[in-house]
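The chain is numbered in sequence order, starting from 1.
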Amino acid sequence: MRQSLLSLAVAAALLSGCSLIPDYQRPDAPVAADWPQGEAYGSAASEGSRAAADLQWREFFRDPALQQLVQVALENNRDLRVAALNVEAYRALYRIQRADLLPSVSADGAGTRQRLPADLSQTGEARTSGQYSATLGVNAWELDFFGRIRSLSEQALQQYLATEQAQRSTQISLVASVANAYLQWQADQALLQLTQDTLKTFEESYQLTQRSFDVGVADALALSQARSSVDSARVSLAQYQRLVAQDRNALIQLLGTGLPANLPQGLKLNAELLEQVPAGLPADLLQRRPDLLQAEYQLKAANANIGAARAAFFPSISLTANAGTASSQLSGLFDGGSGTWLFQPQISLPIFNAGRLRANLDYAELQSDIRVAEYEKAIQVAFQEVADRLAARTTYRQQLDAQRALLETTETYYDLAERRYRTGVDSYLTLLDAQRQLFSVRQQLIADRLAQLSSEVELYKALGGGWSNTGSNAPQG
């Protein structure tokens with residue numbers, strides 16, 4: 001038995017390097033080598049040499065209130081908690097699959113007592129017999145000569161690594177979602193304050209027009225226009241009160257808990273809330289963006305599955321072996337001469353299976369082709385997202401500059417209209433038109449600033465920023 005086991009061990013060692021997994025070649029990225037150029041991009045596509053993924057979210061977000069909210073979300077958000085648990089679950093599955101490479105050694109004990117009646121006994125007399133045994137050994141251990149188990153282990157490892165990247169992707173999305181929700185909350189609060197101030201102005205104008213109407217100076221049309229401005233502002237006031245409350249609820253849902261009691265005062269929307277995001281190069285995405293890494297790990301898992309499907313065409317060799325002691329009496333179980341052993345190798349060679357193995361291999365290869373297409377599509381989507389955000393960066397800057405200039409012009413128009421109305425040069429309708437335009441332009445400036453900040457957050461997300469790298473827990477093997 002020792003010689004047989006030694007021979008099998010040597011054969012297993014000689015064939016341990018056998019693998020039928022195809023050599024992995026990363027598919028070429030189906031995108032350009034650089035970001036698009038043109039008026040919409042300006043110099044945004046070439047800004048910065050540092051990868052965005054190296055810019056930690058605490059550096060990117062300058063607002064202390066937003067920094068604290070992101071930290072709270074990372075500690076309490078349920079989606080992120082589920083993603084982390086999925087990583088641990090796939091890690092356990094990998095350990096289960098990898099354990100099949102080694103034999104499972106077990107110690108077994110058994111005992112039976114049996115009475116045979118006289119008509120069933122060979123001696124014609126009733127007989128009571130017993131059998132007891134204690135053994136140590138392995139049962140049906142598959143010797144992985146052709147790498148089937150190693151291929152499945154490699155597949156499980158790549159799936160685990162893909163899930164780890166999915167966790168990173170979930171965190172990046174969470175950080176961006178909290179930032180966008182916070183910015184939306186800030187913008188709606190600013191719009192609410194603007195509406196309250198405007199409503200107060202409209203009400204004062206209405207009261208003045210009412211007094212003028214009462215003494216016959218203003219006509220009914222002017223009074224009606226003033227009243228409609230007040231009512232319109234009240235509609236906007238209710239709208240923004242609702243939006244502010246809903247924004248707060250949405251933020252709390254992302255946090256996974258209530259707003260911190262010690263939340264510091266946030267910066268205003270017109271402050272420098274965000275750090276400049278470096279664009280880097282398209283090639284950086286392949287190494288930095290977790291959803292692309294996840295797609296590549298899934299491709300590698302499908303590639304490893306081909307190796308397992310190929311190995312299924314070859315013989316399967318398993319071994320059962322044990323040694324121990326056996327006796328008809330429990331008291332004699334460990335007496336001299338009671339030793340027993342079993343050596344039972346088994347080989348199974350597939351001969352006819354109605355094409356099942358061939359179909360299984362075809363399926364594995366098709367799954368690999370699907371993963372290649374999904375990986376290439378993920379790269380294209382990522383490239384488009386970054387390109388869109390780079391275009392938004394330049395154009396939103398231009399749009400904000402134009403909107404600020406328009407605000408200055410509108411404020412001048414309002415001041416002139418007010419002076420002309422006070423001196424009796426123009427009618428109240430001209431002043432009312434100036435008030436409405438000023439309110440609308442100020443609203444639009446806040447909306448444009450929010451859109452510009454959100455686009456910067458989305459660019460940071462698209463470039464793979466927002467992950468707090470605490471080191472990989474990838475198992476070795």
| field | Greater than 12 external heavy atoms within 6.0 Å of Asp119's CG | value | yes
| request: Check whether any side-chain N or O of Glu59 sits under 3.5 Å from a backbone N or O of Gln56 as a donor-acceptor pair, and report yes or no. | output: yes
| message | Checking Gln403 now: which residues fulfil side chain to side chain donor-acceptor pair (under 3.5 Å) with it, not counting sequence neighbours? | response | none
| query | Backbone N or O of Ala391 within a donor-acceptor pair of the Thr395 side chain at under 3.5 Å? | reply | yes
| message | Under a 3.5 Å threshold, yes or no: a donor from one side chain and an acceptor from the other, between Gln184 and Asn180? | response | no
For a quick test of your reading: what N or O donor-acceptor pairs under 3.5 Å do the side chains of residues 289-296 make, sequence neighbours left out?
| from | atom 1 | to | atom 2 | distance (Å) |
| --- | --- | --- | --- | --- |
| Arg289 | NE | Asp291 | OD1 | 2.8 |
| Arg289 | NE | Asp291 | OD2 | 3.2 |
| Arg289 | NH1 | Glu385 | OE1 | 3.0 |
| Arg289 | NH1 | Ala462 | O | 2.8 |
| Arg289 | NH2 | Asp291 | OD2 | 3.2 |
| Arg289 | NH2 | Glu385 | OE1 | 2.6 |
| Glu296 | OE1 | Arg26 | NH2 | 3.2 |
| Glu296 | OE2 | Tyr24 | OH | 2.8 |
| Glu296 | OE2 | Arg26 | NE | 2.9 |
| Glu296 | OE2 | Arg26 | NH2 | 3.3 |

| request: Dump the intermediate steps for side-chain hydrogen bond (donor to acceptor under 3.5 Å, both in side chains) on Asp63 and Tyr182, then the final yes or no. | output: CA-CA 10 Å; Asp63 190 319; Tyr182 173 76; 2.8 Å; yes
| message | If we ignore hydrogens and angles and just use 3.5 Å, is the side chain of Tyr460 paired with the main-chain N or O of Gly466 as donor and acceptor? | response | yes
Only distances under 3.5 Å count here; give the side-chain donor-acceptor pairs of residues 346-359 to other protein atoms, sequence neighbours excluded, each with its distance to 0.1 Å.
| from | atom 1 | to | atom 2 | distance (Å) |
| --- | --- | --- | --- | --- |
| Asn353 | OD1 | Gly355 | N | 3.3 |
| Asn353 | OD1 | Arg356 | N | 3.1 |
| Asn353 | OD1 | Leu357 | N | 3.4 |
| Arg358 | NE | Asp362 | OD1 | 3.2 |
| Arg358 | NH2 | Asp362 | OD1 | 2.9 |

| task | Mind jotting down which residue pairs meet the side-chain hydrogen bond (donor to acceptor under 3.5 Å, both in side chains) criterion with at least one end in residues 254-269? Sequence neighbours excluded, please. | result | Gln68-Asn262
| said: Using a 3.5 Å distance criterion without hydrogens, assess whether the side chain of Arg389 forms a donor-acceptor pair with backbone atoms of Ser455. | reply: no
| query | Are side-chain N/O atoms of Gln189 and Gln193 paired as donor and acceptor at under 3.5 Å? | reply | no
Let me have the donor-acceptor pairs involving side chains of residues 235-244, under 3.5 Å, with sequence neighbours excluded, atom names and distances please.
| from | atom 1 | to | atom 2 | distance (Å) |
| --- | --- | --- | --- | --- |
| Ser236 | OG | Ser232 | O | 3.4 |
| Tyr240 | OH | Gln443 | NE2 | 3.2 |

| request: Determine, step by step, whether Leu152 and Asn305 satisfy the side chain to side chain contact (heavy atoms under 4.5 Å, CB included) criterion, reporting the C-alpha distance in whole Å, the side-chain angles of both residues, the deciding distance to 0.1 Å, and the verdict. | output: CA-CA 6 Å; Leu152 294 175; Asn305 194 43; 4.3 Å; yes
| Results of side chain to side chain donor-acceptor pair (under 3.5 Å) for Glu376 - residues two or more places apart only | none
